[in-house]
Amino acid sequence: MEETKRKTYRNFKRSEKAIIRAYAELMQKNGNKRITVTDIVDAADLNRSTFYSHFKSAEEVREKIHSDIVNEIIGSLDEVKCRNSLENPYNAMNRVIEFIRHDEELYKKMLNTEGADKFLKKLKDIVIAQYLSDEVILPHITDKDEFETNLRLFIGGFVSVIEDWASGNMKISLERCARIMSDSIKTCIAGYTK
């Protein structure tokens, strides 16, 4: 009985992975073209009932992929999380860039598809949270609300640069953009420290 449950669970997970992989492949292949449940089940070689035992819609698959990526980025940032992330703001931004560079074509396609705006907002929020968890520099900031507003502007700009990069509208590298943003954050910190 226990072996049957394990086998059923493995089959369930295997078909879920097949659906996600098929969606990602379709996204890479089709770019901005809307992906349907029919497209996914055909690419995954599964039937519709198997698809619907995992997801309600193609959009839900996309949301799952975005959520998984956000969780991976959070894990990547946690690996380098230090008490003073504002001392060198470039580190967190570079971590995000390294993550994106790992599968550049997938992220370029993903950032040029429907629903990318939700993903980019989540990305912005996790980078901001990384900096707002600083335990060394943040306590010395004189006006935390105003500083956080500036930080949100800088990180919003950084995320916008990533979006422009994915669209092919960048003339300089992501790394150079991250350096510029990092220097701007350092200058801002200097204006708000006691």
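Side-chain atoms are counted along with the backbone in the values below, which use heavy atoms only and exclude waters and symmetry mates. Just so you know, residue 1 is the first one in the sequence shown, and it goes up from there.
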Please step through side chain to side chain contact (heavy atoms under 4.5 Å, CB included) for the pair M93 and Y131, ending with a clear verdict. CA-CA 10 Å; M93 287 184 264; Y131 293 129; 3.6 Å; yes
With no hydrogens and no angle check, is any side-chain donor or acceptor of N150 less than 3.5 Å from a backbone partner on E146?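 Yes, the answer is positive, given that a donor and an acceptor are paired below the 3.5 Å cut-off.
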Restricting to salt bridge (charged side-chain N to carboxylate O under 4.0 Å, His left out), what partner residues turn up for [X], sequence neighbours left out?
{"X": "E148", "answer": "R152"}
{"X": "D125", "answer": "K121"}
{"X": "D68", "answer": "K64"}
{"X": "E98", "answer": "none"}

Results of side-chain hydrogen bond (donor to acceptor under 3.5 Å, both in side chains) for E104 - residues two or more places apart only: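 By the side-chain hydrogen bond (donor to acceptor under 3.5 Å, both in side chains) rule, E104 matches R101.
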For S49, which residues count as a side-chain hydrogen bond (donor to acceptor under 3.5 Å, both in side chains) partner, sequence neighbours excluded?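 Per chain and number, S49 pairs via side-chain hydrogen bond (donor to acceptor under 3.5 Å, both in side chains) with N47.
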Which atom names give the shortest non-hydrogen contact between [X] and [Y], and what distance separates them?
{"X": "E87", "Y": "D134", "value": "N-OD2, 4.3 Å"}
{"X": "I97", "Y": "E175", "value": "CG2-OE2, 3.3 Å"}
{"X": "D39", "Y": "R34", "value": "OD2-O, 3.8 Å"}
{"X": "T142", "Y": "T193", "value": "CG2-C, 4.2 Å"}
{"X": "T36", "Y": "A58", "value": "C-CB, 4.1 Å"}
{"X": "M27", "Y": "I35", "value": "N-CD1, 3.6 Å"}

CD1 on I74 to CD1 on I126, rounded to 0.5 Å: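 The distance works out to 4.5 Å.
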Nearest 0.5 Å please: distance from the CD1 atom of I19 over to the CZ atom of R14.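 Separation between the atoms: 13.0 Å.
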Residues two or more places apart in sequence or in another chain: which of them pass side chain to side chain contact (heavy atoms under 4.5 Å, CB included) with [X]?
{"X": "N88", "value": "Y90, N91, S182, K186"}
{"X": "A24", "value": "L106"}
{"X": "E60", "value": "F55, K56, S57"}

Tell me, please, which residues at least two apart from F99 pass ring-ring contact (aromatic ring centres under 6.0 Å, His included).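 For F99 the ring-ring contact (aromatic ring centres under 6.0 Å, His included) partners, ignoring immediate neighbours, are Y107.
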List the residues meeting ring-ring contact (aromatic ring centres under 6.0 Å, His included) with Y23, not counting sequence neighbours, and say none if there are none.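 So Y23 forms no ring-ring contact (aromatic ring centres under 6.0 Å, His included) with any residue.
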Do any side-chain atoms of residues 158-174 form donor-acceptor pairs under 3.5 angstrom with protein atoms, and if so which ones, sequence neighbours left out?
from: S167; atom 1: OG; to: N112; atom 2: OD1; distance (Å): 3.2
from: S167; atom 1: OG; to: E163; atom 2: O; distance (Å): 3.2
from: S173; atom 1: OG; to: R176; atom 2: N; distance (Å): 3.0

Name the orientation class of the two ring planes belonging to Y192 and F147 (parallel below 30°, tilted from 30 to 60°, perpendicular beyond 60°).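 Rings of Y192 and F147: perpendicular, as their planes differ by over 60°.
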Derivation and outcome, side chain to side chain contact (heavy atoms under 4.5 Å, CB included), residues I69 and L123: CA-CA 9 Å; I69 291 169; L123 178 61; over 6 Å; no
May I have the step-by-step check of side chain to side chain contact (heavy atoms under 4.5 Å, CB included) for V37 and Y52, ending in yes or no? CA-CA 9 Å; V37 171; Y52 287 116; 3.7 Å; yes
